[in-house]
Amino acid sequence: MFSIQSSPLDLSTLRQQMADPACGALVIFEGLVRNHHQGRDVEKLHYTHHPVLAQKEGERIIAETLAKFPMVQARAIHRIGTLEIGDCAVVTLTSSAHREAAFEANRFLIDSIKAQVPIWKQESYTNGEIEWTSPCPNCGPVPH
Amino acid sequence: MKALILTGGKSSRMGSDKASLKIGGLTQLDRILSIIQPLTPEIYLSVAQHDREARDHPTLPDLEENPGPLGGLQAAFAHDPDCHWLIIACDLPLIQQSDLQRLLDHHDSSKDATCFLNPLDQHPEPLCALYSPSASPKLHSLIEKNQRCARRFLASLQRTDLTPSHSNSLLNLNRPEHLAELQHLHQHGTVEKEITVEYFAKLSQEAATDSEILRTSAATLAGLWEELRLKHHFSLDLPHIKPAIDNEFADWTSPLSNLQTIAFMPPFAGG
């Protein structure tokens with residue numbers, strides 16, 4: 001399941017929703033808003049998206065993850081709107097009987113979301129400047 | 001009046017020689033020749049400095065290596081400084097004989113040049129223009145200062161500015177995706193459509209709007225993008241943009257239809 005929301009992510013509820021007695025491993029990745037980007041001091045981020053395509057693409061990536069890792073459960077949520085330093089912008093959850101598949105699936109899931117889901121962020125810096133972020137090599141996706 | 005056709009060199013973005021690209025079975029060079037021949041018997045081909053290849057028309061080699069787009073005009077005036085030169089690039093597949101005829105009809109020999117303003121960005125187009133002998137010394141002094149920007153040169157001249165027959169008459173063949181646009185226009189003709197365009201993130205900032213409804217005669221996504229890129233002076237070009245038609249990702253060569261909604265998206269930056 002994939003969703004996009006403007007309200008804060010409730011991790012404990014998400015964790016409960018992943019509960020499965022057959023799973024011995026649950027991997028949770030949280031993407032957090034950090035206070036620096038490419039040497040500049042970040043104050044906050046504003047996320048926007050293409051509402052229809054982002055949802056569609058997110059669902060496709062979840063289906064792709066499940067097909068690639070058949071023994072895994074997967075779920076991801078991305079936030080939009082204005083986020084402060086330390087806020088969770090995206091969370092990917094993968095569970096499986098054993099940790100190896102859950103780790104691998106989680107990595108695949110978050111990498112795919114960052115590269116393929118039409119979501120953008122605008123960075124506000126502490127010096128008052130505002131810019132649309134272009135992904136840096138450390139942040140993941142190669143520009144299409 | 002004499003004409004000089006800029007046959008160009010290898011195009012890095014097209015990955016091939018533009019003069020020999022075929023649309024509708026005719027190479028770009030043959031098409032330009034066919035529309036110039038009725039206007040003047042004196043046609044020259046601009047070629048690289050050491051190009052000795054045999055051609056059907058006399059050639060004017062560049063006077064130096066890689067002189068840039070003004071090299072052709074420089075060689076033309078060196079060959080005959082007292083003549084009016086019609087300079088035309090061979091990668092203008094939509095230019096019509098009637099457009100060139102208008103350059104001749106409106107040419108004022110007391111001015112330096114007659115040219116078209118590109119309707120997409122209102123800039124004078126230097127590589128489809130008629131230059132008077134009075135432009136020759138001005139070109140010479142510019143090149144002496146080692147300035148080689150053709151647009152800036154033309155902008156500095158005394159000109160007669162014209163509007164071409166169609167909004168896309170001066171479309172350049174710069175990318176493989178544009179070839180599909182031109183083939184489509186050749187096959188199906190120019191069809192005007194009403195399109196809703198949505199811009200996201202940086203593009204919406206640069207266009208100063210999230211969406212607009214417009215009429216276009218572009219045939220494919222690539223043609224529409226080129227039109228809007230020039231209109232809004234976007235800082236990104238086609239390789240960095242992902243297009244969608246009616247909420248589905250699409251290829252640049254996808255044809256446009258009336259009343260579609262097109263989205264142009266800059267590189268994604270989620271997470």
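A note on names: the letters A, B, ... follow the listed sequences, proteins ahead of strands, and every chain is numbered from 1. Quick caveat, the model's predicted, so the values are computed rather than measured.
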So which of A:Ile80, A:Val117, A:Ile110 has the biggest tally of heavy-atom pairs under 4.5 Å with chain B?
A:Val117
Checking B:Pro69 now: which residues fulfil side-chain contact (heavy atoms from CB on, under 4.5 Å) with it, not counting sequence neighbours?
B:Leu127, B:Ala150
Aromatic ring proximity B:Phe234/B:Tyr199, centre distance under 6.0 Å:
yes
Contact list for residues 93-103 of chain A, test side-chain hydrogen bond (donor to acceptor under 3.5 Å, both in side chains), sequence neighbours left out:
A:Thr94-A:Asn106
Shortest non-hydrogen separation from B:Phe268 to A:Lys114 and the atoms involved
CB-O, 4.1 Å
Which bit of B:Glu198 is near chain A, if near means a heavy-atom gap under 4.5 Å: side chain, backbone, both or neither?
side chain
Side chain, backbone, both or neither: which part of B:Ala263 has an atom under 4.5 Å from a heavy atom of chain A?
side chain
Could you list which of residues 52-60 of chain A have a heavy atom closer than 4.5 Å to any heavy atom of chain B, in residue-number order?
A:Val52, A:Leu53, A:Lys56, A:Glu57
Axial cation check for A:Tyr125 ring with A:Arg40, 6.0 Å and 45° limits:
yes
Quiz item: cation-pi between B:Lys242 and B:Phe249, 6.0 Å / 45°:
yes
Among pairs that include at least one residue of residues 69-85 of chain A, which meet side-chain hydrogen bond (donor to acceptor under 3.5 Å, both in side chains), considering only residues two or more places apart or in two chains?
A:Gln17-A:Arg75, A:His46-A:Thr82
